[in-house]
Amino acid sequence: MDGVVALYEPDAVLAPPGNPGMARVARTIPIDLTDVAAVAALARSERIDLTVVGPELPLSLGLADRVAAEGGLLFGPTATAARLESSKAFAKTFMARHGVPTARFHVAQSLDDARMHIRQGTFGFPVVLKADGLAAGKGVVIAEDASAADAAIVAAMADRKFGGAGERLVIEECLSGPEVSFFLVCDGSRALSIGSAQDHKRIFDDDRGPNTGGMGAFAPSPLFDGALEARVMHEIVDPVLAGMAAEGHPFRGFLYVGLMLTATGPQVIEFNVRLGDPEAQVVLPLIDEPLVPILAAAAGGTLQHTSVRRRGDALAGVVLASRGYPESSESGRAIEGVDRAGALPGVTVYHAGTALRGDRLVTASGRVLTVVGRGSDLTEAIARAYGGVEQISFDGMQYRRDIGRKAVSRGA
């Protein structure tokens, strides 16, 4: 899903750098998305009407600022607004300033500071430790005891497991309750809900093992009804938009609100400033009207929509990852069965870490494919997704076998 999607002619899409899946529906161009000058130059030379940014890193590096400075239209936040995701410390202190409900926290500036706070036991155990910067969804550790917390502190701050992202740590109390993701299109002052989902971050079934960028998701969330959505808009989304504008950083772009539904109400776990992966693959296909006009209006600060039409069915997505993920990954493994899976009723296969070696499709990173099933209800969607998974194989393929199971068996 990584890429910058840009409109360059009516009904045509440019998707740099892209992958073999994107190449079936768009023109792909090799480019380093962290080179914001090169991406902005590409948008200018291709006479792009609207650029939509997928990954978080180019946003944090100021791609939106660069494109705007050159007179282009881009849907995505400026680098300062993107700190809602690129700096956990900024996000937490921002929420504290504006009364947004979130877990109690402490920002540790050094290894000694972090260790002292753990020894004090302010938040008890388990306790959550988050790398301040971007870590591809892998910078969060839930430590069950002081020993595990100390190991996580050393890994991040001494061993630099996450590079510069771990120079500061956010230590916070561990909330309990089901997690829900809520997605919005924002134009700086207004926010439009486009759906909810629930994802599966841990690598193994039953939420075991280390965190990943996401091993699967389903939408919509049965927990996120109209009353809860209204409460989240009032208590969280509206204060965030007002606060960002008041601080001089109006937020335009996708806003992903990661929520924990606690006994005392919804609290924010994290913000993303772009669509999540694999949540995008199950949220966007449920929108039953053209999305581009909405994104263009939001990018220009003139969003008029108050709602979007949504389909009434359900989607479930299962991520197929390579051996070793999330700690490492294998590349160059031949992938079989993608076309067979995509030919099944209600099944769509989305490419992530894939490449072509000659005419053979091969793995190219940790998360390789997402197989999405659509059904009249979640049970049917899950069955179709796993039916598609059964058609696909590559050496070292790993995936969770319980995507959506909690929602079906215990009402999410």
Side-chain angles (χ1 to χ4, degrees), residues 85 87-89 91-92 95 101-108 111 113-162 165-181 197-217 223 256-272 276 278-279 319 321 325-327 366-367 398 400 402-403 405-406 410 412:
E85 178 174 4
S87 171
K88 301 295 187 294
K92 295 293 285 191
M95 285 188 277
T102 190
R104 293 180 299 145
F105 70 97
H106 171 76
V107 178
L111 186 146
D113 181 13
R115 280 178 156 169
M116 181 180 68
H117 205 78
I118 291 299
R119 285 196 300 270
Q120 291 173 345
T122 306
F123 304 134
F125 294 97
V127 66
V128 180
L129 300 100
K130 298 180 177 180
D132 174 46
L134 297 174
K138 305 168 192 174
V140 179
V141 173
I142 301 175
E144 297 294 334
D145 53 36
S147 176
D150 190 69
I153 291 168
V154 170
M157 306 188 86
D159 299 340
R160 297 181 63 83
K161 180 179 181 180
F162 310 111
E167 290 180 355
R168 292 191 297 178
L169 283 183
V170 173
I171 302 171
E172 62 181 54
E173 67 174 326
C174 186
L175 302 176
S176 61
E179 294 185 33
V180 174
S181 304
Q198 289 179 248
D199 71 343
H200 299 67
K201 290 185 173 64
R202 301 292 189 99
I203 184 66
F204 300 128
D205 288 1
D206 301 315
D207 294 327
R208 294 178 296 108
N211 273 339
T212 71
M215 292 300 294
L223 298 176
Y256 164 133
V257 185
L259 297 165
M260 182 77 78
L261 306 184
T262 74
T264 58
Q267 297 200 45
V268 176
I269 303 171
E270 65 174 351
F271 294 114
N272 289 345
E279 294 92 338
V319 170
Y325 180 76
E327 296 300 329
R367 290 187 297 169
Q398 61 170 327
R400 285 183 58 157
D402 64 345
I403 302 302
R405 185 175 67 193
K406 288 189 293 186
R410 298 195 296 272

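Counting only heavy atoms from C-beta outward, the side chains of Phe105 and Lys88 never approach each other to under 4.5 Å. Put simply, the side chain of Met215 does not reach to within 4.5 Å of the side chain of Asp205, judged on heavy atoms. At a threshold of 4.5 Å between non-hydrogen side-chain atoms, the residues Leu261 and Pro266 count as touching. Between Lys406 and Pro178, the closest side-chain pair of non-hydrogen atoms is not below 4.5 Å. The shortest side-chain heavy-atom distance between Asp207 and Arg400 falls under the 4.5 Å cut-off.
Across all non-hydrogen atoms, the minimal contact from Val319 to Gly216 is CG2-N, 3.9 Å. Across every non-hydrogen atom of Glu279 and Ala197, the tightest pair is CG-CB, 4.3 Å. The two residues Arg367 and Pro278 come nearest to each other via the heavy atoms NH1-CD, 3.9 Å. Nearest heavy-atom pair, Val127 versus Ala149, reported as atom, atom and distance to 0.1 Å: CG1-CB, 4.3 Å.
In this structure Ala108 satisfies the side chain to side chain contact (heavy atoms under 4.5 Å, CB included) test together with His106, Asp113, Ala114, Leu169, Ile171, sequence neighbours excluded. In terms of the side chain to side chain contact (heavy atoms under 4.5 Å, CB included) criterion, residue partners of Asp159 (sequence neighbours excluded) are, by chain and number, Val154. Residues satisfying the side chain to side chain donor-acceptor pair (under 3.5 Å) criterion with Glu270, sequence neighbours excluded, are absent altogether. By the side chain to side chain donor-acceptor pair (under 3.5 Å) test, Asn272 pairs with no residue at all, sequence neighbours left out. Judged as a side chain to side chain donor-acceptor pair (under 3.5 Å), and not counting sequence neighbours, the contacts of Lys201 are Asp199. Taking the side chain to side chain contact (heavy atoms under 4.5 Å, CB included) definition, one finds that Ala165 meets it with Phe162, sequence neighbours left out. By the side chain to side chain contact (heavy atoms under 4.5 Å, CB included) test, Leu175 is found to be paired with Ala103, Glu173, Met260, Thr262, Gln267, residues two or more places apart in sequence or in another chain being considered. Applying the side chain to side chain donor-acceptor pair (under 3.5 Å) rule to Asp145 yields no partners; only residues at least two apart in sequence or on another chain are considered. Take Tyr256 and apply the ring pair (Phe, Tyr, Trp, His ring centres under 6.0 Å) test, not counting sequence neighbours, and it matches Phe183.
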Determine all donor-acceptor pairs shorter than 3.5 Å in which one atom belongs to a side chain in residues 119-126; sequence neighbours excluded.
none

Below 3.5 Å, can you tabulate the donor-acceptor pairs from side chains in residues 133-144 to any protein atom, sequence neighbours excluded?
residue, atom, partner, partner atom, Å
Lys138, NZ, Pro326, O, 3.4

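A distance of 9.0 Å separates CG in Asp402 from CZ in Arg208, rounded to the nearest 0.5 Å. We find the CD-CD1 distance between Gln198 and Ile403 to be 11.5 Å, quoted to the nearest 0.5 Å. Atom CD of Gln398 and atom OH of Tyr325 lie 9.0 Å apart (nearest 0.5 Å).
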Quiz item: Would Leu129 and Met157 satisfy side-chain contact (heavy atoms from CB on, under 4.5 Å), going step by step from the backbone distance to the final call?
Solution: CA-CA 11 Å; Leu129 300 100; Met157 306 188 86; over 6 Å; no
Self-check item: Residue pair Lys92, Asp132: steps toward the salt bridge (Lys or Arg N to Asp or Glu O under 4.0 Å) verdict
Solution: CA-CA 10 Å; Lys92 295 293 285 191; Asp132 174 46; over 6 Å; no
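Among pairs with a residue in residues 128-159, none fulfils ring pair (Phe, Tyr, Trp, His ring centres under 6.0 Å), at least two apart in sequence or across chains.
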